[in-house]
Amino acid sequence: MDNKEIESAIEAILFAAGEPIPASRIALVLGISDDEVHECAKKLSDEYSFNRRGIRLARMGDSLQLCSAPEFSQEIVRALERRKPPRLSQPALEVLSICAYFQPVTRAYVDQIRGVDSSYTMGVLLERGLIEACGKLDVTGRPSIYRTTELFLRTMGISDLSELPKLPEAGSDESREQLGSLLEAVKAEEIKQMSIEEN
Amino acid sequence: MDNKEIESAIEAILFAAGEPIPASRIALVLGISDDEVHECAKKLSDEYSFNRRGIRLARMGDSLQLCSAPEFSQEIVRALERRKPPRLSQPALEVLSICAYFQPVTRAYVDQIRGVDSSYTMGVLLERGLIEACGKLDVTGRPSIYRTTELFLRTMGISDLSELPKLPEAGSDESREQLGSLLEAVKAEEIKQMSIEEN
Amino acid sequence: MKMKNPTFHLEGIVKSSDEMQDFTGPLTLILMLLSKNKIEIRDLKISEILDQYLEHISKMQEMDLDIASEFVQMASHLVYIKTRTLLSGDEEVSELEELMSSLEQIRCHDAYMSIKAVTEELSRMSQQGLLMFSKEPEPLKTFDSGEYRYSHQPQELINALFSVFSKNTSSGQETPSMPKRIIYGVRQKSSQLIELLRNSSSIPLRELYEISRSRSELIATFISVLELCSHGSISLYSNGGEMSVTLIGEPPEDFTEETFSE
């Protein structure tokens, strides 16, 4: 085997392996010294970098590994990601709205308002980066408190929480009225939604 | 992105993917046409072969996949302690050919042509990923129907079923003779039928 | 998945009037159809056959009337065979059935011979391909793993919020009312500040504000600092252009609880 062939053999072995392989193992199989393996691997690696190829050869201690070039990581993710995460469900929107309007909130607080356990949905929102933990409440049990994130503002297309639509003031007659009409609006919307889904 | 960069991006995506990726998906991510993807992939593939590299680019239909070069299979098997890929037995080749040329086929159809039970061999081919179930036939019993896979194309070194060797027209003298007598029988049947109808 | 009804590719079988001469009768055509299309006569839909034949006939008529008449004959014969097959009972093995199965046998034999003739070539073709290894997928970089990437209208939040409250009312609770905010008490904040200052001699004012996690907490901090200053518990001083807080006395014994909202 000449050096060119050794390079190709190393490339083939590392490709099929996918994971780091000790140079000594390759040396054994090809009947050459560890140093020769590292030399050829170095040449291969330089060639990848110099030609701005889509793959890179990394050396970690005695081991060698092929990996995709980091320059193309965005293209890779976009080509290979299965599907976008789903849009927010109605429960998720509810929890998010409670977090947004009453932040900072504890999970127990959200549960209390919604009347159902919201831990799963809170988890989803945390994972999606729409809410974040921002400390512990200074009461018994020291529960975590949550607030909305920068990403939340971007998602809603606003630059500040103050741009959220105003809630009616609690307690006043005026607010009862407002609340009443909003409730009507929500119900009408729900009925509309249902009929759309049924079609 | 110039062509060189597109080639590298394709290389990176295919390397990271491991499995076959539709060219259309790559085209979407890179913002180019499917044809351009195939063109660049072809150049990349030719380069691998010409320079006797350790990797190869296979095209199967619209899909592209990186594989190790067959020349280095021994080194890979020894370095990674993999099982040597077994050759295809004569029964496997027969069943595979029937699936390839007459697809989609039912198991009963394969049995019928070969005149022997082929369920074991079909199982082996399914397990090796050379054939796959692709639905149910809309007749009594709803038997599964099978077709060849992308791996089949890659294994045969072709990118499309149309590249398979032409199936020779087999029509033995014996069968032609039989045909002649059958024809007579039908004619006789016809005359009988006609006279019945006339009555 | 449903398989489509088989389509007869007559164009591939009959190309010219010359070729038609090769057909000695309808049965030859049936045999050809069976071998080219891998169909079972029992599975055919009569209407499918008729549609396809009539379409073909109308095409052929434009070209050659002789051929057309041949086809009419063949089509009618196929339909006839099909009808016979349908009408005959399951237990009754008609002459036609026998005929069909002999045809099947011939067809299978021919197909098997053809297949056997190519397996060697396929075996040769697969030699290289079987030696190629694929690789495992790389783990995807997680930089945008779960991050949400849709946009919403702020109004959707209000709607969601009210749907929460409407659920509560419908489940028999009291009239809808806005829940109270979690409110930071100044007293609570003041004792927290004293605690902090006990542990370190002086803290920049900026840091006290930075540890506040919400606007209400920020306001609580602001008022607490003012209150504690006025009670002489803490003192503000300038430290290299930055205001810092230091503890100078004990907090007031009776600190009235004051709450506020934003």
Side-chain angles (χ1 to χ4, degrees), chain A residues 12 15-19 67-68 73 76-77 80-81 84-85 87-88 90 93-94 96-98 100-106 109 112-115 127-130 134-135 137-138 145 147 151 154-158 163-165 167-171 175-176 179-180 182-183 185-187 189-190, chain C residues 131-173 175-185 187-189 191-192 195 211-217 220 261-262:
Chain A
F15 172 86
E19 54 188 2
C67 47
S68 59
S73 57
I76 290 169
V77 168
L80 306 186
E81 71 186 345
K84 266 205 210 177
R87 267 180 85 87
L88 291 177
Q90 180 62 22
L93 269 172
E94 289 177 10
L96 189 59
S97 65
I98 294 166
Y101 278 98
F102 304 108
Q103 57 189 305
V105 297
T106 61
Y109 180 81
Q112 200 192 338
I113 294 189
R114 294 189 63 220
E127 202 183 305
R128 300 269 178 273
L130 293 169
C134 60
L137 196 64
D138 204 9
I145 49 177
R147 65 178 173 203
L151 178 64
R154 273 183 278 135
T155 303
M156 292 296 152
I158 56 177
E163 292 172 41
L164 284 175
L167 284 181
E169 285 294 322
S175 82
R176 288 235 164 76
L179 202 58
L182 272 163
L183 279 175
V186 167
K187 276 177 186 158
E189 180 73 17
E190 260 170 22
Chain C
L131 298 177
M132 292 165 90
F133 291 89
S134 57
K135 70 181 277 292
E136 290 296 307
E138 259 186 354
L140 279 189
K141 308 273 182 298
T142 51
F143 58 81
D144 65 351
S145 55
E147 193 171 276
Y148 198 60
R149 285 185 289 133
Y150 293 92
S151 57
H152 286 271
Q153 293 298 314
Q155 190 58 39
E156 291 177 60
L157 286 182
I158 284 266
N159 292 345
L161 200 54
F162 282 109
S163 81
V164 174
F165 301 138
S166 63
K167 274 180 210 158
N168 284 346
T169 45
S170 60
S171 63
Q173 287 188 5
T175 48
S177 65
M178 284 298 156
K180 287 212 167 69
R181 262 171 221 284
I182 295 175
I183 289 167
Y184 276 87
R187 187 192 192 94
Q188 182 193 338
K189 194 69 196 173
S191 35
Q192 194 193 339
E195 262 318 295
I211 57 170
S212 302
R213 303 144 191 149
S214 70
R215 266 162 64 185
S216 65
E217 193 180 352
S261 62
E262 289 169 46

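We name chains A, B, ... by the order of the sequence lines, and we start the count at 1 in each one.
Heavy-atom pairs under 4.5 Å with chain A peak, among C:His152, C:Gln153, C:Glu156, at C:His152. Chain C forms the most heavy-atom pairs under 4.5 Å with one residue out of A:Leu130, A:Leu164, A:Ile76, and that residue is A:Leu130. When the candidates A:Gly157, A:Cys67, A:Ala100, A:Gly18 are compared by the number of heavy-atom contacts under 4.5 Å with chain C, A:Cys67 comes out ahead.
Remark: A:Glu163 pairs with A:Ser159 by the side-chain hydrogen bond (donor to acceptor under 3.5 Å, both in side chains) rule, at least two apart or across chains.
By the 4.5 Å heavy-atom criterion applied to side chains, C:Pro137 and A:Leu80 are not counted as neighbours.
From A:Arg128, atom CZ reaches atom CG of A:Leu96 across 12.5 Å, with rounding to the nearest 0.5 Å.
With a threshold of 4.5 angstrom between heavy atoms, C:Glu136 does not approach chain A through any atom at all. Contacts between A:Leu93 and chain C at a heavy-atom distance below 4.5 Å involve backbone atoms as well as side-chain atoms.
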Please assess A:Ile145 against A:Tyr109 for the test side-chain contact (heavy atoms from CB on, under 4.5 Å), listing each intermediate value before the final yes or no. CA-CA 10 Å; A:Ile145 49 177; A:Tyr109 180 81; over 6 Å; no

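Side-chain atoms of A:Glu94 do not come within 3.5 Å of backbone N or O of A:Arg114 as any donor-acceptor pair.
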